Amino acid sequence: MSARVRFAPSPTGALHVGNARTALFNWLFARKEQGTFVLRIEDSDTLRSDQASVDAIVNSLEWLGLNWDEGFLRPDPQMLGPYRQSERLEYYRELGQQLLASGRAYLCYENDAELEASREAWIKDSKKTRHPQRDLTAQERARFEAEGRKPSVRFATDDLHGEVVYDDLVRGVVSVDMEEIRDFNLIKSDGMPMYNFAAVADDHAMQISHVLRGEDGISNTPRQLLIYKALGWEAPRFGHVSFILGPDGQKLSKRHGGSSVEDLKRQGYLPEAVVNYLGLLGLGGHGEGEEIFSADDLVRMFSSSNLIKRSAIFDYGKLNFLNAHYLRALSPERLRALVIPFLEKAGVTWPSVEWLDAALDLFKGNAVTLNDFSGYFEAAFRSSAVACAEAVEKARGIAETAAALGALLEALRADFPADAAACQVLLKSVQAKSGVKGKSFFMPVRLALMDSEHGPELNRLLPLIGADRSVMRLEIFLKALA
Ligand code: GLU
């Protein structure tokens with residue numbers, strides 16, 4: 001049977017970058033093995049799950065291009081779904097009955113506070129004990145029912161000893177002493193399944209062959225293996241991918257500048273850069289210094305034995321480098337389509353599509369994210385007759401500023417260049433005439449026209465700014481200098 005893997009997010013917020021990487025690895029696994037990538041929504045925690053999170057996760061997966069073959073929002077010809085846990089309660093209930101009938105599970109009438117108290121007692125107790133409610137008589141049960149108590153279904157472990165052993169796809173052989181595993185809930189008293197139970201039930205029903213998930217799953221896996229065994233099912237292979245940490249070694253969070261795929265999208269990163277970066281963050285097996293990988297490259301490189309065991313540190317610098325790379329490679333049409341929402345949000349307008357394409361092509365050499373363009377537009381094309389005080393201050397520090405700007409202003413008034421070639425000729429002749437050359441010429445000009453001493457080619461920038469605005473900018477800058 002070909003590999004069947006799944007991504008099973010809990011819709012309790014946006015798609016965290018770490019979870020996105022887990023999704024990516026499952027997607028790569030499926031593509032590499034020509035298997036099936038399934039999306040399942042684990043919304044059995046009704047208090048924390050919501051539809052907005054489902055939508056956000058789906059949007060983020062689609063944005064990243066991690067298309068799933070089967071599952072939520074896909075047709076279900078094999079009838080392995082539904083792929084949303086809140087729609088599968090009857091199935092969990094039946095499985096719970098099966099485990100009750102076999103004696104591996106028991107009905108427990110303890111309320112939350114009582115359960116918590118007995119849990120605490122177990123933790124302190126070094127020996128496993130049989131829970132009294134495993135042996136309730138029919139009368140005792142009837143009494144609890146008459147009190148209006150609703151039972152939970154609990155998995156009994158008091159008579160399970162020895163080790164649970166499995167061969168982790170990433171970490172190798174893991175063994176856990178069963179003395180550490182105490183009774184646990186399968187179905188809560190309100191009828192909702194616990195994660196461990198629902199995940200096992202669904203992975204089995206959906207014929208999942210490999211479970212590749214975050215390292216926070218490690219503590220669940222032994223319990224899940226016990227459930228498989230109790231139901232007489234073969235367990236899938238498990239693999240646990242390490243966390244992504246911020247530069248301070250803490251789990252990546254908002255504090256580090258953004259932690260969700262949505263954050264990265266909003267900050268102007270491209271999906272191909274994010275996919276490349278997340279792949280790079282956890283996948284070994286490539287040469288030192290090799291960094292640019294398309295999704296297809298990652299598929300070729302992927303092997304669960306190439307997954308890196310240690311935690312990865314999220315580095316915005318590397319992501320920026322990759323993003324700038326992919327930004328330069330975009331077609332003019334795609335660049336325009338991607339940047340326009342950022343420009344509109346910033347209130348930037350443009351005279352024509354041709355002009356916009358020329359400006360985007362010019363600025364893309366300096367931009368790191370899609371968000372950078374609006375700043376360049378505001379600096380270069382603003383119409384307000386105010387010079388940037390900071391730029392003026394910097395220009396004051398350059399001895400040749402007034403001579404350079406004065407000469408340029410005069411030349412532009414006389415004959416404004418229509419294109420980059422004409423502008424190049426004009427800039428050369430102004431430098432020759434004024435005797436101010438190179439950096440001492442270009443830096444003040446850039447400060448006057450772009451508020452910054454660095455920036456794109458002036459040959460191309462000036463015709464885009466246009467005659468009136470260029471002249472106005474130089475005039476007000478010179479005035480501010482005086
Ligand atoms: N719903 C779980 C989570 O989001 C999935 C864990 C698993 O993949 O089994 O953490």
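Values below: all heavy atoms of this structure, side chains included; hydrogens, waters and symmetry mates excluded. Remember, it's 1-based here, ligands and their atoms both numbered in the order they're listed. Note that this is a predicted model, so its numbers are computed, not measured. Numbering of residues begins at 1 and proceeds along the displayed sequence.
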Review point. Would Arg171 and Ser242 count as a side-chain contact (heavy atoms from CB on, under 4.5 Å) if you check the C-alpha gap in whole Å, the side-chain angles of each, and the deciding distance to 0.1 Å?
Key: CA-CA 10 Å; Arg171 288 147 206 269; Ser242 49; 3.8 Å; yes

Review point. Quick one: do the Tyr195 and Gln224 side chains pair a donor with an acceptor below 3.5 Å?
Key: yes

Review point. Applying the side chain to side chain donor-acceptor pair (under 3.5 Å) test to Arg4, which of Glu70, Glu33, His210 qualifies?
Key: Glu70

Exercise for review: Hey, can you tell me if Phe238 and His240 have their rings parallel, tilted or perpendicular (30° and 60° cut-offs)?
Suggested key: parallel

Practice item. Could you please spell out the steps behind the side chain to side chain donor-acceptor pair (under 3.5 Å) verdict for Glu140 and Tyr109? Key: CA-CA 10 Å; Glu140 286 169 318; Tyr109 289 87; over 6 Å; no

Check your understanding: Can a cation-pi geometry be assigned to Lys251 and Phe243, taking NZ or CZ under 6.0 Å from the six-membered ring centre and within 45° of the ring axis?
Key -> yes

Revision key, fill the gap. At a 4.0 angstrom heavy-atom cut-off, ligand 1 is contacted by Arg6, Ala8, Pro9, Ser10, Glu42, Tyr195, Arg213

